[in-house]
Enquirer: 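I'd like to ask some things about the structure below.
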Amino acid sequence: MTTDFLSMDELKQKIHALITSLYPHSDPETLTQACFDAIGPRLNKDVVAPERLWSERDCLLITYGNSLREAGHKPLDTLQNFLHQKLQDTFSAVHILPFFPHSSDDGFAVIDYTQVDPELGDWDDINALSQDFKLMADLVINHVSSQSLWFRNYQYGKDPGRDYFVEADPNYDLSNVVRPRTSPLLRKTDTANGVKQVWCTFSHDQVDVDFRNEKVLLEYLGIIGRYLDEGAQWIRLDAVAFLWKELGTPCIHLQQTHDVVKLIRLLTEYKNAHALLISETNVPNRENLTYFGNSNEAHIIYNFSLPPLVIHALLAGDCTYLKSWMMSMPPPPVGCAYLNFTASHDGIGLRPAEGLLSDEELGQMLSTLESFGGKISSRTDAEGNAKPYEANISLFDAFKGTLNGTDQWQVERLIMSQAIMLSVEGIPAFYIHTLFATPNDYDKLETTGHNRSINRRNWSLSDLDARLNKPGGPGERVFNELTRLIKIRSAQPAFHPNATQFTLHIRPEIFAFWRQSIRRSQSVFCIYNLTDQPQEVSLADLNLISTEQWFDLISDQAMDDLYGKITLQPYQNVWLTNYCGR
């Protein structure tokens with residue numbers, strides 16, 4: 001429910017209740033008003049029905065502000081020009097990864113949330129992009145750079161920042177704390193009040209802020225207000241699962257964290273009724289689903305189990321695990337949606353595959369990805385053991401072959417992975433390098449020494465143009481086919497992010513499911529041959545309605561004999577529909 005369905009009194013009562021629970025020693029009336037003051041004046045009061053929050057026409061592009069470079073031009077200008085020339089009619093939304101001054105992690109160690117990195121451009125460039133696309137901005141909410149004003153002030157005992165960070169006694173047993181890294185949790189820091197140990201979930205340059213302090217909450221509400229004022233419409237809550245710290249707990253998914261998300265949602269919707277919250281929680285599937293709350297937390301959650309399961313299915317030529325997971329996935333609550341992706345600026349998360357892939361299957365997949373040039377990053381578990389956390393590899397190179405080795409079907413597997421992503425229930429999101437079939441960037445990996453750099457190439461526009469315009473080359477084939485599929489998808493009501501989905505049971509080599517539009521006017525049977533061998537599928541097994549005409553959206557081939565068989569070529573995608581409104 002959006003805040004526009006609440007009276008102002010009801011909205012304040014909900015915020016008051018959350019604040020009373022989160023900050024019992026505060027004056028709830030004063031803090032409630034301070035929250036409204038921090039988020040700032042309202043921008044949009046229009047009532048938005050849940051089914052109108054998104055549609056089949058929505059598709060998100062994920063990119064760094066400097067993924068594309070051109071001599072003499074600001075990277076954000078180069079990005080905007082490329083989007084207008086190549087992708088204007090393809091994507092409705094753009095996620096620009098952190099575009100602020102930063103000290104490490106390619107933007108995720110933010111020095112100043114209020115500034116655009118001058119090497120990229122300025123707020124005018126951000127605002128200009130928001131005029132043509134729904135803009136997603138990162139709220140790096142768990143931590144800040146050790147070079148930020150807040151942390152420098154913390155060291156000197158000054159405001160703002162003096163009491164913004166989590167301290168802990170190194171003698172306290174912190175072994176139960178869940179985190180995705182192997183580095184020490186605490187960082188020794190000299191301060192005006194002596195040596196302190198500060199909490200660093202990710203790296204010692206990324207120092208966790210203390211949301212137990214209501215002043216930190218107000219700081220971040222002000223940052224959200226600024227993003228919305230500058231044109232952002234989607235707010236991505238980065239690493240939000242780790243937000244609240246309580247000694248003696250795992251410090252992940254705490255109830256206080258969920259309450260902060262609820263509070264942010266209420267205030268964000270108050271500020272702009274069209275604004276959406278996206279939770280980024282790279283955790284096992286059941287934990288991830290909790291961030292929908294009771295339709296009162298994130299509007300959209302990343303479908304983190306999809307990437308490892310799709311990759312495994314294509315490497316193994318077997319959809320058993322992918323199909324089992326898909327059958328177990330609940331439809332998102334009303335007013336909520338999944339964000340489907342198969343590649344991102346990070347690696348292929350492995351925790352979301354826990355309980356879904358056996359250790360043997362996972363180990364075989366990781367060995368195969370390593371043989372294709374990938375790297376494996378680890379975390380430390382509660383027993384102090386290093387466990388694989390993510391696979392770092394470009395998606396294109398992840399499909400160099402199968403579990404049996406390399407072959408000639410790399411492009412076809414990449415395209416199929418994206419066709420699956422486009423057709424499953426949710427909003428599709430493409431990492432920009434997938435569109436280009438970008439290979440592993442070993443030079444950047446060697447320069448930075450960070451595994452994730454292997455999939456964070458910075459393309460010069462001239463080199464990219466050469467790749468995309470080389471006849472028959474992987475860049476040209478992938479870019480042209482993926483943009484074609486996106487445009488086909490955008491015209492199909494059955495691909496609405498909340499349209500009905502049923503998993504079909506054919507055989508392990510064939511992954512298939514049925515989508516039906518919300519008004520039941522269209523069905524699409526999505527059928528994928530996961531192997532390098534032709535596969536026959538009996539149309540009678542699909543129970544196609546015999547009074548209607550059926551054709552494949554991808555090949556535009558009519559299906560004349562609804563009781564016959566079709567032969568799927570290696571890695572062929574079929575979107576079989578009865579819809580005539582093309």
Side-chain angles (χ1 to χ4, degrees), residues 38-44 58-70 72-88 90-103 105-141 144-145 148-149 219-238 264 267-269 271-278 280 299-300 339 344-345 427 429-433 456 458-459 461:
I39 202 79
R42 302 188 82 172
L43 296 172
N44 191 321
D58 280 310
C59 192
L60 176 71
L61 179 70
I62 305 167
T63 180
Y64 280 101
N66 63 356
S67 290
L68 308 179
R69 294 179 177 273
E70 185 178 14
H73 294 269
K74 293 183 294 185
L76 287 175
D77 279 345
T78 301
L79 174 63
Q80 181 161 350
N81 290 336
F82 183 85
L83 292 175
H84 278 285
Q85 293 170 14
K86 301 282 191 178
L87 299 172
Q88 180 73 48
T90 309
F91 290 93
S92 64
V94 177
H95 173 199
I96 305 178
L97 291 153
F99 46 79
F100 320 103
H102 60 277
S103 54
D105 199 15
D106 284 341
F108 286 92
V110 178
I111 294 174
D112 187 349
Y113 293 95
T114 68
Q115 300 295 321
V116 175
D117 185 344
E119 292 189 6
L120 299 178
D122 54 34
W123 281 115
D124 288 341
D125 299 310
I126 297 296
N127 195 266
L129 278 164
S130 74
Q131 302 303 308
D132 299 314
F133 301 92
K134 298 173 185 176
L135 179 65
M136 183 193 290
D138 276 287
L139 186 69
V140 184
I141 196 171
V144 299
S145 167
S148 65
L149 175 64
E219 291 277 14
Y220 280 92
L221 290 176
I223 293 164
I224 293 171
R226 175 67 183 273
Y227 291 178
L228 296 173
D229 287 338
E230 295 290 353
Q233 191 169 326
W234 294 9
I235 304 295
R236 177 182 182 268
L237 302 177
D238 176 67
I264 290 174
L267 288 159
T268 299
E269 288 184 335
K271 173 81 173 183
N272 183 349
H274 292 184
L276 302 175
L277 287 187
I278 295 87
E280 188 271 330
H299 299 86
I300 301 170
L339 188 72
S344 74
H345 60 291
I427 301 168
F430 285 80
Y431 186 39
I432 194 168
H433 290 300
R456 295 180 176 180
N458 303 102
W459 277 106
L461 206 56

Enquirer: CG of Asp124 to CG of Leu76: how many Å apart, nearest 0.5 Å?
Expert: 11.0 Å

Enquirer: May I ask you to decide if Arg69's main-chain N or O and Asn66's side chain share a donor-acceptor pair within less than 3.5 Å?
Expert: no

Enquirer: Under 3.5 Å, is there a donor-acceptor pair between the side chain of Ser92 and the main chain of Cys59?
Expert: yes

Enquirer: Would you say the side-chain atoms of Lys134 pair up with the backbone N or O of Val94, donor to acceptor, closer than 3.5 Å?
Expert: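 No.
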
Enquirer: Between Phe100 and His102, is the ring centroid distance below 6.0 Å?
Expert: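 For Phe100 and His102, the ring centres are not under 6.0 Å apart.
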
Enquirer: Taking the six-membered ring for Trp, are His345 and Phe108 closer than 6.0 Å centroid to centroid?
Expert: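 Under 6.0 Å, so yes.
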
Enquirer: To the nearest 0.5 Å, what is the distance between CD1 (Ile111) and OG (Ser103)?
Expert: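 It is 4.5 Å, given to the nearest 0.5 Å.
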
Enquirer: Under a 4.5 Å cut-off applied to non-hydrogen side-chain atoms, are His433 and Trp459 in contact?
Expert: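 SC-SC contact between His433 and Trp459 confirmed.
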
Enquirer: Hey, does Leu139 have a side-chain heavy atom less than 4.5 Å from the side chain of Ile223?
Expert: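 Yes, side chains in contact.
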
Enquirer: Does any non-hydrogen side-chain atom of Ile235 lie less than 4.5 Å from one of Ile278?
Expert: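 No, too far: nothing below the 4.5 Å cut-off.
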
Enquirer: Are the side chains of Leu149 and Asp112 in touch, meaning some heavy atoms are under 4.5 Å apart?
Expert: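 Contact flag for Leu149/Asp112 side chains = no.
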
Enquirer: Tell me, do Glu269 and His299 make a side-chain contact under 4.5 Å, heavy atoms counted?
Expert: yes

Enquirer: Return the CG to CZ distance between Leu60 and Phe133, rounded to the nearest 0.5 Å.
Expert: 11.0 Å

Enquirer: State the OH-CD1 distance between Tyr431 and Ile62, to the nearest 0.5 angstrom.
Expert: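 Those atoms lie 8.5 Å apart.
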
Enquirer: Flag the pair Ile39 / Ile224 as yes when at least one side-chain heavy-atom distance between them is below 4.5 Å, and no otherwise.
Expert: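 Contact flag for Ile39/Ile224 side chains = yes.
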
Enquirer: Tell me if a side-chain donor or acceptor on Ser148 pairs with a main-chain N or O of Val144 at a distance below 3.5 Å.
Expert: no

Enquirer: Rounded to the nearest 0.5 Å, what separates atom CD in Gln80 from atom CG in Asp132?
Expert: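 That separation rounds to 6.0 Å.
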
Enquirer: Is the Trp234-Tyr227 ring centre distance short of 6.0 angstrom?
Expert: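 Distance test on ring centres: not under 6.0 Å, no.
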
Enquirer: Are Ser145 and Val110 close enough that some pair of their side-chain heavy atoms sits under 4.5 Å apart?
Expert: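 A side-chain contact is absent here, since even the closest heavy-atom pair is not under 4.5 Å.
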
Enquirer: Measure the OG1-CD1 distance between Thr63 and Ile96 for me, rounded to the nearest 0.5 Å.
Expert: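 The distance works out to 7.5 Å.
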
Enquirer: Between Asn127 and Glu230, is there a donor-acceptor pair closer than 3.5 Å when you use the side chain of the first and the backbone of the second?
Expert: yes

Enquirer: Asp105 side chain to Gly107 main-chain N or O, any donor-acceptor pair under 3.5 Å?
Expert: no

Enquirer: A quick test of your reading: do over 12 heavy atoms of other residues, nucleotides or ligands sit less than 6.0 Å from CD of Gln88?
Expert: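 Enclosed: over 12 neighbouring heavy atoms sit under 6.0 Å from CD of Gln88.
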
Enquirer: Answer yes or no: is there a donor N or O on one side and an acceptor on the other, between the side chain of Asp125 and the main chain of Asp122, under 3.5 Å?
Expert: yes

